[in-house]
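Just so we're on the same page: letters track the sequence lines, and every chain starts at 1. We use all heavy atoms of the structure for the numbers below, so side chains are in, but hydrogens, waters and symmetry mates are not. Model, not experiment: these values are computed from the prediction.
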Protein chains: 2
Amino acid sequence: MSTEDGARLGLRERKKRETRAMLSWAAVRLTVERGFDRVRVEDIAEAAGVSPRTFNNYFSSKAEAIVARHLDRTLRVAEMLRGRPASEPLWESIAHAARAQFEPPPEAVAHPVTDRRQWIAGVQLMVAEPAMQGEFLRAGALAEAEIAAAVAERTGTDVNRDLYPHLVAAAVTAAGNVAMQHWLRIGPPAEMEQLLSEALAQFAAGLPTP
Amino acid sequence: MSTEDGARLGLRERKKRETRAMLSWAAVRLTVERGFDRVRVEDIAEAAGVSPRTFNNYFSSKAEAIVARHLDRTLRVAEMLRGRPASEPLWESIAHAARAQFEPPPEAVAHPVTDRRQWIAGVQLMVAEPAMQGEFLRAGALAEAEIAAAVAERTGTDVNRDLYPHLVAAAVTAAGNVAMQHWLRIGPPAEMEQLLSEALAQFAAGLPTP
DNA sequence: AACAAAGTTGCGGACTGTGCATATTTGCAT
DNA sequence: ATGCAAATATGCACAGTCCGCAACTTTGTT
């Protein structure tokens, strides 16, 4: 779906996607600026130019709206993994695919952050919110199921019978999460992609004691 | 705290613990019997013999009450890990400690399930609930932070600087989750502990392709 | 026994999330 | 261009959740 040409989508579908993106972006921006508890569904809907009821047509909760872009990005990891050459070693494919989640989203390009340090501080507060953590992890689990399916396809295993694809998918998800948490803790100049590669390498090596 | 002698606790503290356990157990039981959306906070409070406002003094949400026992059990993994002999190889310690989460809780012993198949079906529905998944994973993340701290202690690494303890903790959490999901999917005669051991062994081996 | 600290409870209010019906927009066929 | 169907937006009402606050009850200390 995400690779479909916009020219082939009707107006209806295009408007749906735009509305979804606007709601999600508004949710992220307001939450980072003000804090989770200071943003109501009504505020998000207003910022996106729709009614609160419409917000609920798209998302069941505020946290779900905030996490939507993250979900999109992590689902793309499964998609990218499916697109890697079949002959490529699994962990090499994974390393390439996993990077997809850290590419800058369109909104970040369209709305450059003027105060980067403040933005990061806001993000840190946002991810520390219990409801956000739950939703964030739940999105990760959804993507993980897709990654497991992709791993099963590549390795000839069965998601309904074997632990393996699930364990690999869990490792990929964990690597991404640990890299991001580490980055939020340490901040620049650490690079997200480098942290991710390191984490994946440690999993592939069997997590030997340093 | 959990190892403290009950005789040393005041009435106040004892009653708090009992109330918490009653609320949590009532939440689990009613939800498994009726389904998540058919149980209100008021029902749980009534079943435990307290007011709804008191329920909220203990738990912020229904899901949190349901997941409380799981949180207790997974936190015990970190505790058990801290108690293993320092000379023991890390993954061996982990394998022993991780089993703690699958010991039958007191209530399960006190209230034997009469229809095991129906109970499992109810649990399956319960864990499929989105709010439950988020809370379940969030509890896992809390325990994971404790496990990471315990791993750091054993290996002389630093949770604020190194990825390693976090990655190991994530592997432990993932192994537990994957084992449980597999068990819920497959059911008896698969044994939870065996699945867990297998999952941990795969992580320690670097997740080689089968 | 008197008093302080901790915990329970009732109440009110803001907010969430959902079902339902109506209004509006888009797509399709003629 | 027009009429109609399908999809989407919106307003409304309501049950339920969660929290601040104050009054009451229970436990602990002196």
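Within the helix from C:dA1-D:dT30 to C:dT30-D:dA1, the inter-axis angle between the opening and closing five-pair segments is 30°, rounded to 10°.
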With sugar-phosphate taken as primed atoms, P, OP1 and OP2 and all else as base, the protein-contact string of nucleotides 18-30 of chain D at under 4.0 Å (heavy atoms; B, S, -) is BBBB----BBS--

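Between B:R40 and A:T19, the one whose closest nucleotide on DNA chain D sits nearer the 5' end is A:T19.
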Quiz: residues 49-60 of chain B side-chain donor-acceptor pairs under 3.5 angstrom, not counting sequence neighbours:
unit_1: B:S51; atom_1: OG; unit_2: B:R53; atom_2: N; d: 3.4
unit_1: B:S51; atom_1: OG; unit_2: B:T54; atom_2: N; d: 3.1
unit_1: B:S51; atom_1: OG; unit_2: B:T54; atom_2: OG1; d: 3.1
unit_1: B:R53; atom_1: NH1; unit_2: B:N57; atom_2: OD1; d: 3.0
unit_1: B:N56; atom_1: ND2; unit_2: B:F59; atom_2: O; d: 3.4

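Residues forming a side-chain hydrogen bond (donor to acceptor under 3.5 Å, both in side chains) with B:T173 (at least two apart in sequence, or on another chain): B:E144. With sequence neighbours excluded, the residues forming a side-chain contact (heavy atoms from CB on, under 4.5 Å) with B:A47 are B:A26, B:R29, B:L30, listed by chain and number. For A:E135, the salt bridge (Lys or Arg N to Asp or Glu O under 4.0 Å) criterion is met by A:R138, not counting sequence neighbours. Residues passing the salt bridge (Lys or Arg N to Asp or Glu O under 4.0 Å) test with B:E64, sequence neighbours excluded: none. Listed by chain and residue number, B:R161 satisfy the salt bridge (Lys or Arg N to Asp or Glu O under 4.0 Å) test with B:D158 (two or more places apart in sequence, or in another chain). B:E42 is linked by a salt bridge (Lys or Arg N to Asp or Glu O under 4.0 Å) to B:R40, counting only residues two or more places apart in sequence or in another chain. Not counting sequence neighbours, the partners of A:A179 by the side-chain contact (heavy atoms from CB on, under 4.5 Å) test are A:L195, A:L196. In terms of the side-chain contact (heavy atoms from CB on, under 4.5 Å) criterion, residue partners of B:E198 (sequence neighbours excluded) are, by chain and number, A:L163, B:Q202.
Between A:I66 and A:F136, the closest side-chain pair of non-hydrogen atoms is not below 4.5 Å.
A sub-4.0 Å separation between OP1 or OP2 of D:dA9 and a side-chain N or O of A:T54 is absent. Note on A:K16: every side-chain N or O is 4.0 Å or more away from OP1 and OP2 of D:dA7. Checking the phosphate oxygens (OP1, OP2) of C:dT8, a side-chain nitrogen or oxygen of B:Y58 falls inside 4.0 Å.
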Between N or O atoms, less than 3.5 Å apart, protein on one side and nucleotides 28-30 of chain C on the other: list the pairs.
none

